[in-house]
Amino acid sequence: MRDSLVIEGGHRVEGTVKVSGAKNASLVIIAASILAHGRTELENVPRIKDVEVLLDILANQGCLTEWTDEGTLAIEVPDSITPESPYELSKKLRASNLLLGSLLGRKREARISMPGGCDIGSRPMDLHLKGLQALGATVSLEHGYIEATAGRLQGGRVYLDFPSVGATENIMMLASVTPGTTIIDNAAKEPEIVDLANFLSAMGARIRGAGTDLIKIEGASKLKAVRYAVIPDRIEAGTYMAAATVTGGDIMIENVIPTHLLPIKAKLEETGARITQINGGIRVQGTGRIRAVDIKTLPYPGFPTDMQSQMLAILTIAEGTSVIVENVFDNRFQVVDELKRMGAKIKVEGHTAVVEGVKHLHGARVKATDLRAGAALILAALAARGQTVIENAYYIFRGYEDIERKLTGIGVKLIN
Ligand code: EPZ
């Protein structure tokens, strides 16, 4: 994989693009497969960097992981799986914190490295630990590790101060094999939570309320391995929807679940894009003009924080001024400095970015600072006059499967 993407701007995107399986569903379902006895087979898992790192971690702990010929991911977890995740690997992947709940559930102990602060803000684990402790686990933080043991587990009730996706997922995984009833109040409602619940239920767990803010789980004694297909990636779909909007293009996006795209569709239509549902896919037509809109990111079904950088990028050339408020993470405007190098006019005050639309952006050498910032820079580069070099492109390959082929497939001019 290259370490930079070079894009020649000024071309409309046209054609068809197929969305891959959801990164954020795949990662947690791979983690949950640790609870399964037997051979788990997962369909529609994207072959992206984050998935590869998580599979390396599982292999390092003694699991067998393999991609079959038809692209299915097979995972076999032995009873002898070690409960410790290797520091070197798990510090590369925030989502390795999702091994906490499943390792505790399988081995009654877990030792994972504290996920480092990442590029979008501090990533505390307090709600994860509060949840696991509510089920009887003992947790300690020392030497940069989280150590958890679960002598006697018993269903419990936990209120999440913030509807944390990861905390909800860790509690669901542990509760699925914890005797008694567990209730999660103020649970996260993202589609990836529902996908995890469907996967755990297929394995034999008894879960009700996934997708609402109250989830009830009856612990099962043993969960069996199943074959399961992961949902499509709503953020990848949204990113291509933004590409059609910002270039005045016309693309067909296949393999989507329209309800998952509702907040993204609503805001892009407010900018003037025309979006129509056509048998199982959506068509997005940009009109060449972008109206300024205001965005507030919120937990699902609010506007997704993972689309915030992408909206910021396309609104740099809107007619008017847009106000973007980031309510989920405390430091998710790092892409602003890079967009300003391309001529954007953006002022950041705390959790708010004020974007004054300009006539056009110009190509420049820029750096991706995280996955979605990288995606935002691609969108800016598509609209800019001239060439843009996006460095640290590995961030993009963490979450967008086959992105170079997909971009060229819709007419993007990649130079390299
Ligand atoms: C998941 O991260 C996603 N990652 C993120 O996607 C996504 O942005 C985020 O959910 C919100 O939707 C995966 O699913 C692998 P959170 P997660 O716990 O679970 C605070 C991407 O680009 N918080 O819902 O880590 C936290 O600081 C990635 O695909 C606590 O205070 O997100 C943050 O401000 C980026 N204490 C907020 O909650 C805790 O114990 C949301 O975090 C946990 C979280």
Side-chain angles (χ1 to χ4, degrees), residues 1-15 17 119 236 238-251 268 271-273 284 286-290 292 307-322 324 332-348 353-400 402-416:
M1 271 175 201
R2 4 174 151 271
D3 53 10
S4 65
L5 280 179
V6 184
I7 293 174
E8 182 187 282
H11 304 278
R12 298 172 70 247
V13 291
E14 282 183 316
V17 63
D119 328 289
E236 184 193 14
T239 306
Y240 287 107
M241 292 166 75
T245 305
V246 79
T247 61
D250 182 353
I251 59 173
L268 288 174
T271 70
V284 184
T287 60
R289 298 178 59 183
I290 297 174
M307 276 297 298
Q308 183 258 98
S309 300
Q310 295 91 313
M311 290 306 289
L312 191 68
I314 73 170
L315 292 170
T316 57
I317 57 168
E319 289 165 4
T321 299
S322 307
I324 297 178
R332 204 168 195 176
F333 285 130
Q334 295 196 62
V335 71
V336 166
D337 290 340
E338 301 304 308
L339 291 170
K340 286 160 90 167
R341 290 172 52 78
M342 300 175 73
K345 278 195 182 147
I346 307 172
K347 192 168 168 32
V348 175
V354 179
V355 187
E356 188 191 331
V358 294
K359 277 257 167 292
H360 62 264
L361 298 177
H362 46 77
R365 183 173 282 276
V366 290
K367 274 189 182 3
T369 50
D370 64 82
L371 164 61
R372 306 303 174 184
L377 291 171
I378 289 176
L379 296 171
L382 295 180
R385 289 182 180 173
Q387 253 185 38
T388 297
V389 179
I390 303 173
E391 293 175 346
N392 297 351
Y394 61 83
Y395 275 113
I396 300 167
F397 300 126
R398 291 183 51 178
Y400 287 91
D402 238 352
I403 187 158
E404 292 164 283
R405 186 181 59 78
K406 292 189 183 186
L407 287 173
T408 36
I410 51 175
V412 172
K413 297 279 178 286
L414 286 185
I415 322 276
N416 62 353

- Query: Which distance, rounded to the nearest 0.5 Å, do you find between the CG of L377 and the CG of L382?
  - Reply: 11.0 Å

- Got a second to check how far I324's CD1 is from I346's CD1, nearest 0.5 Å? 7.5 Å

- Query: How long is the gap from OG1 on T239 to CD1 on I378, to the nearest 0.5 Å?
  - Reply: 8.5 Å

- Identify, with sequence neighbours excluded, every residue that meets side-chain contact (heavy atoms from CB on, under 4.5 Å) alongside D402. R405, K406

- Set of residues satisfying salt bridge (Lys or Arg N to Asp or Glu O under 4.0 Å) with respect to E8, sequence neighbours excluded: none

- Message: Taking side chain to side chain donor-acceptor pair (under 3.5 Å) as the definition, give me every residue that meets it alongside H360, ordered by chain and number, with sequence neighbours left out.
- Response: R385

- To the nearest 0.5 Å, what is the distance between CD1 (I7) and CD1 (I415)? 9.0 Å

- Message: Using every non-hydrogen atom in the two residues, find where A242 and I314 come nearest and quote the distance to one decimal.
- Response: O-CG2, 4.0 Å

- Query: What pair of heavy atoms forms the shortest contact from T287 to G272, and how long is it?
  - Reply: CG2-O, 3.3 Å

- Message: So, using salt bridge (Lys or Arg N to Asp or Glu O under 4.0 Å) as the criterion, who are the partners of K413 when residues are at least two apart?
- Response: none

- Mind checking salt bridge (Lys or Arg N to Asp or Glu O under 4.0 Å) for D250 and listing every partner two or more places apart, or none if nothing turns up? R283

- Item | Qualifying residues under salt bridge (Lys or Arg N to Asp or Glu O under 4.0 Å), relative to E319, sequence neighbours excluded | R289

- Task: Indicate the atoms forming the closest heavy-atom contact of A375 with I396, along with that distance.
- Result: N-CG1, 4.3 Å

- Indicate yes or no: at least one non-hydrogen side-chain atom of D3 is less than 4.5 angstrom from one of F397. no

- State the CD1-OG1 distance between I290 and T245, to the nearest 0.5 angstrom. 7.0 Å

- Note on the structure: CZ of R12 to CD1 of I410, rounded to nearest 0.5 Å, is 11.5 Å

- Query: Partners of E356 by side-chain contact (heavy atoms from CB on, under 4.5 Å), sequence neighbours excluded?
  - Reply: T321, K345

- Looking at A313 and L339, what are the two nearest heavy atoms and their distance? CA-CD1, 4.1 Å

- Who passes side-chain contact (heavy atoms from CB on, under 4.5 Å) against A384, sequence neighbours left out? M342, L361, T388

- Item | Contact summary for L268 and M241, nearest pair of heavy atoms | CD1-CB, 3.5 Å

- Task: Of all the heavy-atom pairs spanning S309 and R332, show the shortest one and how long it is.
- Result: OG-O, 4.3 Å

- Task: Output yes when a side-chain donor or acceptor of T247 lies under 3.5 Å from a complementary backbone atom of V13, and no otherwise.
- Result: yes

- Note on the structure: Those residues at least two apart in sequence (or on a different chain) that pass side chain to side chain donor-acceptor pair (under 3.5 Å) with K347 are E349

- Task: Could I get the full list of side chain to side chain donor-acceptor pair (under 3.5 Å) partners for R341, not counting sequence neighbours?
- Result: none

Please table the atom pairs, donor to acceptor, closer than 3.5 Å between any side-chain atom in residues 365-374 and protein atoms at least two apart or in another chain.
residue	atom	partner	partner atom	Å
R365	NH1	E391	OE2	2.4
K367	NZ	E391	OE1	2.9
D370	OD1	R372	N	3.0
D370	OD1	A373	N	3.1
R372	NH1	Y400	OH	2.9

